[in-house]
Amino acid sequence: MTWLALFLLSHLWALAGTSAQVRSTCSVPEKQQPLVDGLQVLMENSVTRSSYPNPSILIAMNLVGPYNQKAQELLTEELVASNIADLTVGQLALNIMALTSSCRDTGSKVSALQREMERWVAPDPTEGAIAFYPPGLAVLALCQKNPETTLPIAVGFAKALLANTSPFDVGTGAVATLALTCMYNKIPVGSGDSYRTLFSHVLKSIVDNISMRISDDGIIGNIYSTGLAMQALSVTPEQPDKKWDCEQTMATVLEEIQQGMFQVPMSIAQILPSLKGKTYLDVPHVVCSSDQEVLPSLPTSPTPGPTTASNITVIYTVNNQLRGVDLLFKATIEVSVKGGSVLLVVLQEAQRQNAVFKFETTMTSWGPMVSSINDIAENVNHKTYWQFLSDGTPLNEGVAVYIPFNHEHIIANFTQY
Ligand code: B12
Ligand SMILES: *[C@@H]1O[C@H](CO)[C@@H](O)[C@H](O)[C@H]1NC(C)=O
Ligand SMILES: *[C@@H]1O[C@H](CO)[C@@H](O)[C@H](O)[C@H]1NC(C)=O
Ligand SMILES: *[C@@H]1O[C@H](CO)[C@@H](O)[C@H](O)[C@H]1NC(C)=O
């Protein structure tokens, strides 16, 4: 594809009015570019033939232009072959966006998602805000395919979100902003002001809540919600009261990348579009060509923290005090592991020493998640899960990534969301 054609295409989108109006974006400084290329290569090279093809990775690589054509094709074929019946609403939505970004047909998957969402029951106002994350993805995917039939679904979604009284969640708010911005941009002409009024009102409320979570260093929520939040703040038609400094957020994110905070492929998939000035709203506009991108010259990949040869001691407590769950227990153990080990090694060592610490994991897009401890298992219907805390503060990372320090007290607490 020639530059002229690309130029013309990008102007056609602008004319069609489908791209966002105001876009406050900022870009990665030239000399930091190798860092970003390194992340992309790390993410793309994580793609193997597996039973867990990750649609978020395909979306990210198609948005920014893949280097690894083989990975792109493999992931596309695996997602084409995935069975609708095996997917949750959120996974189906990501699958549709991923296939759209690879210019593949999504007809039957879109109809299935549409049917699912027509039956969607809004969560109770007191239910945790994360309950809106998957339906947010669904509204976004459906909006990109068929905005008119999505309108009633989006109205129900927007009203329920506004009525929710539980603590705000940045990642969920970001996805909802992308979904409702898509709807806002596609309100049919002649349908009156009511849709515009509703969507802009809800968008204003969400982006204000997002902006209240911008910390002094520019991180939005935590480091792993910042990528999606950047996408949201760069497309929203409603500006938050507290102004967002994109440059500052970008600088801090680049520092965190340098610190090795983005090793998990899924974490890269959620930050990469923002580093390249793209958002999920660009998914329908990806130009599919077989032109191979030239592999950039790579920096030395970020190495994880130093591993000390000597052992450290970690205090590990497992606790289930949830009423209505048969077996109540609380047990603490001190285990010795090699310094620099991930938390998973602590869990394995504890399990080896005492059966109370027996645990199981399930594979997810973010890696292994601890699904059960001492035979008490998470349950989606009861909204229960094993939460991990360090000295009372919830961890921001999973057990396969988090590296405990000497004498740290880790608690696994069975609780509800
Ligand atoms: C919903 C949610 C949960 C729910 C999931 C269950 C459910 N039925 O909804 C619950 C509350 C159980 C949960 C738990 C945790 N979560 Co969570 N979660 C999310 C959230 C908001 C949305 C996920 C989603 O619905 N995706 C859409 C669907 C379609 O994709 P999916 O791949 O099928 O989703 C599954 C996985 O995301 C998985 N999952 C959710 N959280 C986590 C965390 C880890 C470490 C792993 C391995 C898997 C995993 O559960 C989802 C449903 O099955 C994301 C935000 C985000 N940006 O992704 C955070 C997020 C993924 N969670 C996060 C974290 C840190 C955790 C916890 C480690 C928190 C803690 N201190 O205990 C625990 C996991 C502990 C354990 N037992 O191993 C981080 C991960 C960051 C990282 N670098 O690893 C995120 C990005 C939030 C953030 N910004 O901090 N989470
Ligand atoms: C934003 O936060 C306020 C105050 O916490 C809350 O009342 C409101 O419902 C939130 N809005 C959304 C859309 O989450
Ligand atoms: C050091 O940790 C390992 C587990 O990583 C353990 O097998 C070993 O016994 C520990 N050594 C000491 C001296 O505690
Ligand atoms: C552990 O979970 C219980 C049940 O939800 C809760 O009451 C308690 O406050 C939690 N403890 C910690 C340390 O978070």
Side-chain angles (χ1 to χ4, degrees), residues 122-123 125-133 135-136 139 154 157-181 198-213 221 225 229 232 236 238 240-242 307-325 328-330 332-353 373 376 378-379 382-395 403-404 406-407 409-417:
T126 58
E127 209 171 290
I130 55 170
F132 288 91
Y133 193 105
V139 171
F157 174 78
K159 287 183 176 167
L161 189 62
L162 201 60
N164 191 268
T165 55
S166 63
F168 184 75
D169 174 69
V170 173
T172 304
V175 169
T177 301
L178 291 165
L180 295 179
T181 299
L198 173 68
F199 293 145
S200 55
H201 177 63
V202 180
L203 280 166
K204 174 73 176 145
S205 173
I206 308 172
V207 295
D208 273 340
N209 284 349
I210 293 179
S211 77
M212 283 189 283
R213 300 290 212 86
S225 52
T236 172
E238 289 292 330
D241 289 338
K242 183 180 162 193
T307 47
T308 42
S310 57
N311 275 13
I312 60 164
T313 300
V314 178
I315 303 118
Y316 175 49
T317 298
V318 292
N319 185 36
N320 170 31
Q321 304 300 326
L322 213 56
R323 273 180 302 146
V325 179
L328 302 184
F329 61 91
K330 178 171 184 163
T332 297
I333 190 173
E334 267 192 33
V335 295
S336 177
V337 297
K338 273 211 186 64
S341 303
V342 295
L343 181 53
L344 190 60
V345 174
V346 171
L347 268 59
Q348 285 162 344
E349 184 60 22
Q351 166 175 259
R352 202 180 59 79
Q353 293 186 25
I373 294 177
I376 298 295
E378 64 174 2
N379 185 316
H382 302 157
K383 307 205 178 312
T384 51
Y385 76 112
W386 282 100
Q387 182 181 49
F388 281 83
L389 307 103
S390 165
D391 294 312
T393 308
L395 299 182
I403 298 173
N406 199 13
H407 298 303
H409 188 185
I410 298 286
I411 300 175
N413 192 38
F414 196 61
T415 189
Q416 280 179 302
Y417 47 91

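Atoms within each ligand, like the ligands themselves, are counted from 1 in listed order. Quantities reported herein were computed from a predicted structural model and do not represent experimental measurements. Along the sequence shown, the residues carry numbers beginning at 1.
In terms of the ring pair (Phe, Tyr, Trp, His ring centres under 6.0 Å) criterion, Phe329 has no residue partners (sequence neighbours excluded). For Thr332, the side chain to side chain donor-acceptor pair (under 3.5 Å) partners two or more places apart in sequence, or in a different chain, are Thr317. Applying the ring pair (Phe, Tyr, Trp, His ring centres under 6.0 Å) test to Tyr316 and every residue at least two apart in sequence or in another chain returns Phe357.
Interatomic distance, Arg213 CZ to Lys242 NZ, rounded to the nearest 0.5 Å: 11.5 Å. For the atom pair CG (Leu347) and CD1 (Ile373), the distance works out to 6.0 Å, reported to the nearest 0.5 Å. The line from CG of Asp169 to CG of Asn164 is 10.5 Å long, rounded to the nearest 0.5 Å.
With ligand atoms numbered from 1 in the order given, ligand 2 contributes 9 (O) to contacts under 4.0 Å with heavy atoms of Leu162. Listed by number with element, the atoms of ligand 4 under 4.0 angstrom from any heavy atom of Leu322 are 4 (C), 5 (O). Close approach of ligand 2 to Phe168 is summarised as follows: ligand atoms under 4.0 Å from at least one heavy atom of the residue are 14 (O). In summary, the atoms of ligand 2 found under 4.0 Å from a heavy atom of Ser205, numbered by their order in the structure, are 1 (C), 10 (C), 11 (N), 12 (C), 13 (C). Of all atoms in ligand 2, numbered sequentially from 1 with element shown, those under 4.0 Å from a heavy atom of Ile206 are 13 (C). Residue Asn209 has at least one heavy-atom neighbour below 4.0 Å for each of these atoms of ligand 2: 1 (C), 2 (O), 3 (C), 8 (C), 10 (C), 11 (N), 12 (C), 14 (O). For ligand 2, the atoms sitting less than 4.0 Å from at least one non-hydrogen atom of Asn164 are 9 (O), numbered in the order shown with element in parentheses.
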Output block, N or O contacts of ligand 3, threshold 3.5 Å exclusive:
residue: ligand 3; atom: 2 (O); partner: Asn311; partner atom: OD1; Å: 3.3
residue: ligand 3; atom: 2 (O); partner: Asn311; partner atom: ND2; Å: 2.5
residue: ligand 3; atom: 2 (O); partner: Ser336; partner atom: O; Å: 3.2
residue: ligand 3; atom: 5 (O); partner: Lys338; partner atom: N; Å: 3.4
residue: ligand 3; atom: 11 (N); partner: Asn311; partner atom: ND2; Å: 2.6
residue: ligand 3; atom: 14 (O); partner: Asn311; partner atom: ND2; Å: 3.3
residue: ligand 3; atom: 14 (O); partner: Ser336; partner atom: OG; Å: 3.1

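Checked by distance only, ligand 4 and Gln416 stay at 3.5 Å or farther apart across all their nitrogen or oxygen atoms. Residue contacts with ligand 4: Gln387 is placed with no nitrogen or oxygen under 3.5 Å of a nitrogen or oxygen of the ligand (distance criterion only).
Tested against Val314 for a side chain to side chain contact (heavy atoms under 4.5 Å, CB included), the candidates Pro404, Ser390, Ser341 yield a single pass: Pro404. Shown are Asn320, Thr415, Asn413; of these, the side chain to side chain contact (heavy atoms under 4.5 Å, CB included) with Trp386 is made only by Asn320.
Using a 4.0 Å cut-off between heavy atoms, Ile411 makes no contact with ligand 4 at all.
Although no hydrogens or angles enter the test, the distance criterion places no donor-acceptor pair under 3.5 Å between the side chain of Asp208 and the main chain of Pro240. The backbone N or O of Thr177 sits less than 3.5 Å from a side-chain atom of Thr181, completing a donor-acceptor pair.
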- Task: Check the pair His382 / Leu322 against side chain to side chain contact (heavy atoms under 4.5 Å, CB included), numbers first and verdict last.
- Result: CA-CA 11 Å; His382 302 157; Leu322 213 56; over 6 Å; no

